[in-house]
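Just so you know, residue 1 is the first one in the sequence shown, and it goes up from there.
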Amino acid sequence: DASIPAPALAPPRSPRAARSTGRGSLVRQAVQTLLHFPGSVSRIPATEIEALGSLDEPGVEILVQLLEGVRQQPAASTAQLLERWRDHPAADRLGRLAAEASIVPDEAAALDELRTALRKLAQGAAAAELDALIAKESGNGLSPEERERQSCRMAFTLCAPPANFDPETDVEGIPVRSLVQIAWRL
């Protein structure tokens, strides 16, 4: 589809990547799941995608570009999604990932797989940022803004929901998302 050009590749980032034994990095798993089930992206909240912005992992730029592109212009199939990326430098790699068999059986499982991977990646990014702030604090000290960020990251890291947390779940008739928003205001 010529209406949305594929974005340029960003330079490679840190060689450290979150791994899941035998399946490759979480980023690779998420990209592969997205390629096999592009329809699942429509149910992923934009905030979960935005949380990946500060992540320093190989392939995150491509994952974010795929997620945002499919949210802006949904793809009905793997072939349609790959066609949009055919002129992108990562097109061959995406094609190879799409050609591999998926262990995810259906769209519902794909949504769960994607959301779990995105949550784990965001939690890893928060923990890495917290580690950097703690290291800086013991060296040069932190500015007031960095201190506030450190407090926020500590709260997020200590109080992060489990990877299988579903904000669409209701607790006594109240959506968990609302309860979390109320708790953050306290």
Between atom [atom1] of [X] and atom [atom2] of [Y], what is the distance when rounded to the nearest 0.5 Å?
| X | Y | atom1 | atom2 | value |
| --- | --- | --- | --- | --- |
| H88 | L66 | NE2 | CG | 8.0 Å |
| D131 | K136 | CG | NZ | 15.0 Å |
| S143 | L133 | OG | CG | 9.0 Å |
| Q29 | L121 | CD | CG | 9.0 Å |
| L26 | L114 | CG | CG | 11.0 Å |
| E113 | S102 | CD | OG | 8.0 Å |

Would you indicate whether the side-chain heavy atoms of [Y] and [X] approach each other to under 4.5 Å?
| X | Y | value |
| --- | --- | --- |
| R84 | Q73 | yes |
| K120 | T116 | yes |
| L118 | L63 | yes |
| L52 | L67 | yes |

List the atom of [X], the atom of [Y], and the distance in Å for their closest heavy-atom pair.
| X | Y | value |
| --- | --- | --- |
| Q80 | P74 | OE1-O, 4.2 Å |
| R43 | P45 | O-CD, 3.5 Å |
| E61 | E57 | OE1-O, 4.4 Å |
| V104 | A110 | CG1-N, 3.3 Å |
| L81 | V70 | CD1-CG2, 3.5 Å |

Inset, instruction - Would you please name every residue forming a side chain to side chain donor-acceptor pair (under 3.5 Å) with E50, sequence neighbours left out? - result: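 Checked E50 against side chain to side chain donor-acceptor pair (under 3.5 Å); zero matches.
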Inset, instruction - Can you sort out the partners of R71 under side chain to side chain donor-acceptor pair (under 3.5 Å), two or more places apart, ordered by chain and number? - result: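 None.
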Legend entry - Under 3.5 Å: donor-acceptor pair, side chain of E107, backbone of S40: yes
Between side-chain atoms of residues 91-101 and protein atoms elsewhere (two or more places apart, or another chain), which donor-acceptor pairs fall under 3.5 Å?
unit_1: E100; atom_1: OE1; unit_2: R28; atom_2: NH2; d: 2.5
unit_1: E100; atom_1: OE1; unit_2: Q32; atom_2: NE2; d: 3.3
unit_1: E100; atom_1: OE2; unit_2: R28; atom_2: NH2; d: 2.9

Inset, instruction - Decide yes or no on side chain to side chain contact (heavy atoms under 4.5 Å, CB included) for V27 and I62, but give the supporting numbers first. - result: CA-CA 9 Å; V27 173; I62 297 296; over 6 Å; no
Inset, instruction - Group every Ile, Leu, Val, Met, Phe, Trp and Tyr by side-chain heavy-atom contacts under 4.5 Å, then state whether V64 and F37 land in the same group. - result: no
